[in-house]
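So the structure is just underneath, and the comments pick up after that.
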Amino acid sequence: QVQLVESGGGLVQAGGSLRLSCAASGMLVRLNNMGWYRQAPGKLRELVARIVSDGSTNYADSVKGRFTISRDNAKNTVYLQMNNLKPEDTAVYYCDRLLFRGNSWLPSGSWGQGTQVTVSS
């Protein structure tokens, strides 16, 4: 079955950087559409970045220009490079395989335990 394991979170000061990793098994990231979500306390989980099977990427306006999603096909891993972090980026970050349904990108629900990112001001 599909298993996704997120890692790389931590505590960082505003303006700092982190790189999150999402190691996949039971599927090939290069053949799937993958996304990074985040969920802050009291808020809904939101999609912040996606990379589709052809390699094209898309970002939420709140992270555009600061975050970069990529994948390493040999390692079957998806990354999220986060630069110039802000306190409002504090959340648990999850990766998931995405499904395109009815003109919308939806999570498949395969996400793992997530990784906590905390940005101090």
Side-chain angles (χ1 to χ4, degrees):
Q1 71 277 18
V2 174
Q3 186 175 17
L4 301 171
V5 179
E6 303 94 341
S7 62
L11 173 64
V12 64
Q13 288 188 331
S17 298
L18 285 173
R19 189 178 80 155
L20 307 183
S21 299
C22 171
S25 59
M27 56 162 281
L28 295 176
V29 297
R30 64 181 176 86
L31 297 180
N32 283 272
N33 308 311
M34 302 295 296
W36 279 98
Y37 287 80
R38 68 184 180 188
Q39 187 168 21
K43 294 189 176 182
L44 296 175
R45 197 169 295 193
E46 63 171 338
L47 180 63
V48 296
R50 70 171 185 260
I51 182 166
V52 299
S53 54
D54 68 2
S56 60
T57 59
N58 187 271
Y59 301 90
D61 288 343
S62 57
V63 307
K64 200 171 294 183
R66 300 188 298 121
F67 290 11
T68 303
I69 188 171
S70 63
R71 67 185 183 214
D72 184 326
N73 295 336
K75 295 183 178 180
N76 208 30
T77 298
V78 178
Y79 301 99
L80 186 68
Q81 177 67 43
M82 305 186 297
N83 298 328
N84 190 23
L85 283 160
K86 304 176 180 181
E88 52 264 41
D89 295 318
T90 295
V92 179
Y93 285 72
Y94 304 85
C95 69
D96 198 4
R97 184 166 59 96
L98 299 177
L99 306 174
F100 192 69
R101 296 289 186 267
N103 205 38
S104 296
W105 290 99
L106 302 176
S108 68
S110 300
W111 37 43
Q113 81 291 345
T115 186
Q116 175 72 49
V117 171
T118 303
V119 184
S120 63
S121 57

Given side chains that start at C-beta, do those of [X] and [Y] come closer than 4.5 Å, heavy atoms only?
X      : Y      : value
Ile69  : Trp36  : yes
Glu6   : Val92  : no
Leu98  : Leu106 : no
Trp105 : Asn33  : yes
Phe67  : Gln81  : no
Asp96  : Leu4   : yes
Ser17  : Asn83  : yes

- Sequence neighbours excluded, which residues qualify as salt bridge (Lys or Arg N to Asp or Glu O under 4.0 Å) partners of Arg66?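 Scan of Arg66 (salt bridge (Lys or Arg N to Asp or Glu O under 4.0 Å), adjacent residues dropped) gives Asp89.
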- Task: Not counting sequence neighbours, which residues clear salt bridge (Lys or Arg N to Asp or Glu O under 4.0 Å) with Asp61? List them please.
- Result: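 With sequence neighbours excluded, Asp61 shows a salt bridge (Lys or Arg N to Asp or Glu O under 4.0 Å) to Lys64, given in chain and number order.
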Do you know which two heavy atoms are closest between [X] and [Y], and how far apart they sit?
X     : Y      : result
Ala14 : Ser121 : CB-CA, 4.4 Å
Gly55 : Arg71  : N-NH2, 3.9 Å
Gly16 : Val12  : CA-CG2, 3.8 Å
Ala91 : Ala40  : CB-N, 3.8 Å

Taking a hydrophobic cluster as the set of Ile, Leu, Val, Met, Phe, Trp and Tyr residues connected by side-chain heavy atoms closer than 4.5 Å, whether directly or through intermediates, do [X] and [Y] fall within one such cluster?
X      : Y     : result
Val52  : Val78 : no
Met34  : Leu80 : yes
Tyr37  : Val5  : no
Phe100 : Leu47 : yes
Ile51  : Val29 : yes

- Message: Can you tell me how far apart CG (Leu11) and CG (Leu18) are? Round to the nearest 0.5 Å.
- Response: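 Output value for this atom pair is 9.0 Å.
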- Query: To the nearest 0.5 Å, what is the distance between CG (Leu85) and OG (Ser120)?
  - Reply: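 Output value for this atom pair is 10.0 Å.
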- Message: Val63 and side-chain contact (heavy atoms from CB on, under 4.5 Å): which single residue from Lys86, Arg38, Met82 fits?
- Response: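 Between Val63 and the candidates, side-chain contact (heavy atoms from CB on, under 4.5 Å) is satisfied uniquely by Arg38.
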- Leu31 atom CG, neighbour heavy-atom count above 12 within 6.0 Å: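 Check passes, neighbour count above 12.
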- Cationic tip of Arg97 above Trp111 ring, under 6.0 Å, 45° of axis: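 No, cation not above the ring by the 6.0 Å, 45° rule.
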- Answer yes if the side chains of Asp72 and Thr77 hold a donor-acceptor pair under 3.5 Å, and no otherwise.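 The answer is no; no qualifying pair exists.
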- Message: Would the distance check show the side chain of Thr90 and the main-chain N or O of Val119 forming a donor-acceptor pair, the cut-off being under 3.5 Å?
- Response: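 Yes.
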- Counterpart residues, ring-ring contact (aromatic ring centres under 6.0 Å, His included), relative to Tyr79 (two or more places apart):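 Per chain and number, Tyr79 pairs via ring-ring contact (aromatic ring centres under 6.0 Å, His included) with no residue.
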